[in-house]
Amino acid sequence: MNKQAPLKHIPARWLCLIAGLSIMAFGVAFSIKAALGTSPISSLPYVTSRISGLSTGTTTILVNLIFVLLQILILRKQFEWFQLLQIPAVIVFGMMIDAGSFVIQGISYDTYLQQWLLCIIGILLVSLGVSIEVMAKLVTTPGEGLVLSVCKVLPVKFANMKVALDVTLVCLSILTSLLFLGHLEGVREGTLAAAVCVGLFTKQFRKPVSRFEETFLM
């Protein structure tokens with residue numbers, strides 16, 4: 001747990017974490033609906049869902065459980081067991097992806113421009129969700145936790161490792177998609193847009209989210 005989080009505000013911070021994960025999940029659902037490619041971190045769960053027939057929420061949970069396991073293997077005794085709370089957090093995230101997909105299933109599009117509109121909504125929601133999740137100062141997401149774990153044992157910067165993970169996931173998605181589906185799924189121009197824009201938009205949301213934290217959680 002982040003030591004900067006006052007104990008008296010832990011329940012409120014858990015609510016913020018759940019809210020952030022839920023907003024992120026709806027962002028993923030909009031990205032899937034847009035059919036222009038998901039964000040890099042969601043690309044492998046999406047492709048594996050298409051291959052297995054499982055929901056994207058379910059495969060998101062399974063892939064992120066692997067991320068948690070990798071953290072344990074990398075850090076060994078350095079692993080903070082509180083971070084196992086990533087597991088219930090990612091279960092909520094996966095369930096909300098499926099819930100979001102159900103809620104917006106009636107939305108349709110007729111033009112490429114409308115696809116981009118849905119994609120942009122998805123990117124904005126993911127960015128806002130990330131900002132709120134970070135503000136909660138509780139557990140990290142498994143993907144971020146994996147990056148942090150590698151950075152603890154290797155002399156590599158977080159930003160560089162995050163890019164490396166995103167690229168690896170996209171490459172795995174492309175390879176898996178071509179091998180098992182015979183065509184490309186989940187990786188398109190929207191994937192590149194998400195890779196570039198989520199970080200930028202998250203920075204823009206940081207100020208209003210920080211003001212909310214200062215007002216209600218400090």
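Here the structure is a predicted model, which is why all the values come from computation and not from measurement.
- Residues Asp110 and Gln114 meet the side-chain proximity criterion, which asks for heavy atoms closer than 4.5 Å.
- Taking CZ from Phe26 and CG from Leu128, the interatomic distance works out to 13.0 Å, rounded to the nearest 0.5 Å.
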Donor-acceptor contacts, no H, no angles, side chain residues 115-125, under 3.5 Å, sequence neighbours left out:
from, atom 1, to, atom 2, distance (Å)
Gln115, NE2, Ala34, O, 2.9
Trp116, NE1, Tyr112, OH, 3.0

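- Note that CD of Glu80 and CG of Leu75 are 8.5 Å apart. Values are rounded to the nearest 0.5 Å.
- Within the 4.5 Å cutoff, no side-chain heavy atoms of Ser31 are placed close to those of Tyr46.
- Leu165 and Val196 fall into different hydrophobic clusters, where Ile, Leu, Val, Met, Phe, Trp and Tyr residues are linked whenever their side-chain heavy atoms come under 4.5 Å apart, directly or through other members.
- Panel note: side chain Ser177, backbone His183; a donor-acceptor pair is recorded below 3.5 Å.
- Annotation: the span from Ser49 atom OG to Glu185 atom CD amounts to 8.5 Å, rounded to 0.5 Å.
- Ala89 and Val139 get closest at one heavy-atom pair: CB-CG2, 4.3 Å.
- With a 4.5 Å cut-off on side-chain heavy atoms, Met135 and Glu133 do not count as touching.
- Surrounding CZ of Arg50 are at most 12 heavy atoms belonging to other residues, nucleotides or ligands under 6.0 Å away.
- A heavy-atom distance below 4.5 Å is not found between the side chains of Asn160 and Val163.
- With hydrogens and angles left out, the side-chain atoms of Thr59 and Thr56 include no donor and acceptor closer than 3.5 Å.
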**Report entry** Residues Val92, Met96; criterion side chain to side chain contact (heavy atoms under 4.5 Å, CB included); working and verdict
**Finding:** CA-CA 6 Å; Val92 171; Met96 290 305 298; 4.2 Å; yes
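- With rounding to the nearest 0.5 angstrom, the CG atom of Leu44 is 8.0 Å from the CD1 atom of Ile66.
- In the hydrophobic clustering of this structure, Leu184 does not group with Val47; members are Ile, Leu, Val, Met, Phe, Trp, Tyr whose side-chain heavy atoms approach within less than 4.5 Å, directly or through other members.
- Using a 4.5 Å heavy-atom cutoff, the side chains of Thr176 and Leu181 are not in contact.
- Residues Met24 and Val130 have side chains in contact (heavy-atom distance under 4.5 Å, counting atoms from C-beta outward).
- Rounding to the nearest 0.5 Å places CH2 of Trp14 at 5.5 Å from CG of Leu138.
- Heavy-atom contacts from other residues, nucleotides or ligands closer than 6.0 Å to CZ of Phe158 number more than 12.
- The shortest heavy-atom contact between Asp98 and Ser55 is OD2-OG, 2.7 Å.
- Open room surrounds CZ on Phe102; 12 or fewer heavy atoms of other groups in view lie less than 6.0 Å from it.
- Taken from CD1 in Ile132 to CD1 in Ile18, the straight-line distance is 12.5 Å, to the nearest 0.5 Å.
- Residues Leu54 and Ile32 do not share a hydrophobic cluster, clusters being chains of Ile/Leu/Val/Met/Phe/Trp/Tyr side chains in contact below 4.5 Å.
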Distance-only donor-acceptor hits, side chain of residues 143-156, under 3.5 Å, sequence neighbours excluded:
from, atom 1, to, atom 2, distance (Å)
Ser149, OG, Gly145, O, 2.8

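- In the hydrophobic clustering of this structure, Phe180 groups with Leu175; members are Ile, Leu, Val, Met, Phe, Trp, Tyr whose side-chain heavy atoms approach within less than 4.5 Å, directly or through other members.
- Taking the side chain as every heavy atom from C-beta outward, Val134 and Phe205 never approach each other to under 4.5 Å.
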Query raised in the report: Do Gln86 and Thr141 pass the side chain to side chain contact (heavy atoms under 4.5 Å, CB included) test, and can you show the C-alpha distance, the side-chain angles, and the key distance before you say yes or no?
Result: CA-CA 6 Å; Gln86 292 176 40; Thr141 60; over 6 Å; no
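- Side chain of Thr191 to backbone of Arg188: a donor-acceptor contact under 3.5 angstrom is found.
- Proximity of a side-chain donor or acceptor of Lys33 to a complementary backbone N or O of Ile107 within less than 3.5 Å is detected.
- When the shell of 6.0 Å around CE of Met95 is examined, it contains 12 or fewer heavy atoms from other residues, nucleotides or ligands.
- Of the possible polar contacts, one joining the Thr48 side chain to the Pro45 backbone as a donor-acceptor pair under 3.5 Å is found.
- Hydrophobic clustering, with ILVMFWY side chains joined whenever heavy atoms are under 4.5 angstrom apart, keeps Val170 apart from Val167.
- Residue Ile61 forms a side chain to side chain contact (heavy atoms under 4.5 Å, CB included) with just one option from Thr58, Leu65, Asn64, and that option is Leu65.
- For the pair Val126 and Phe201, the minimum side-chain heavy-atom distance is 4.5 Å or more.
- Here the closest heavy-atom approach between residue Ser173 and residue Ser43 is recorded as OG-OG, 2.9 Å.
- Judged by distance alone, the side chain of Gln71 and the main-chain N or O of Phe79 form no donor-acceptor pair under 3.5 Å.
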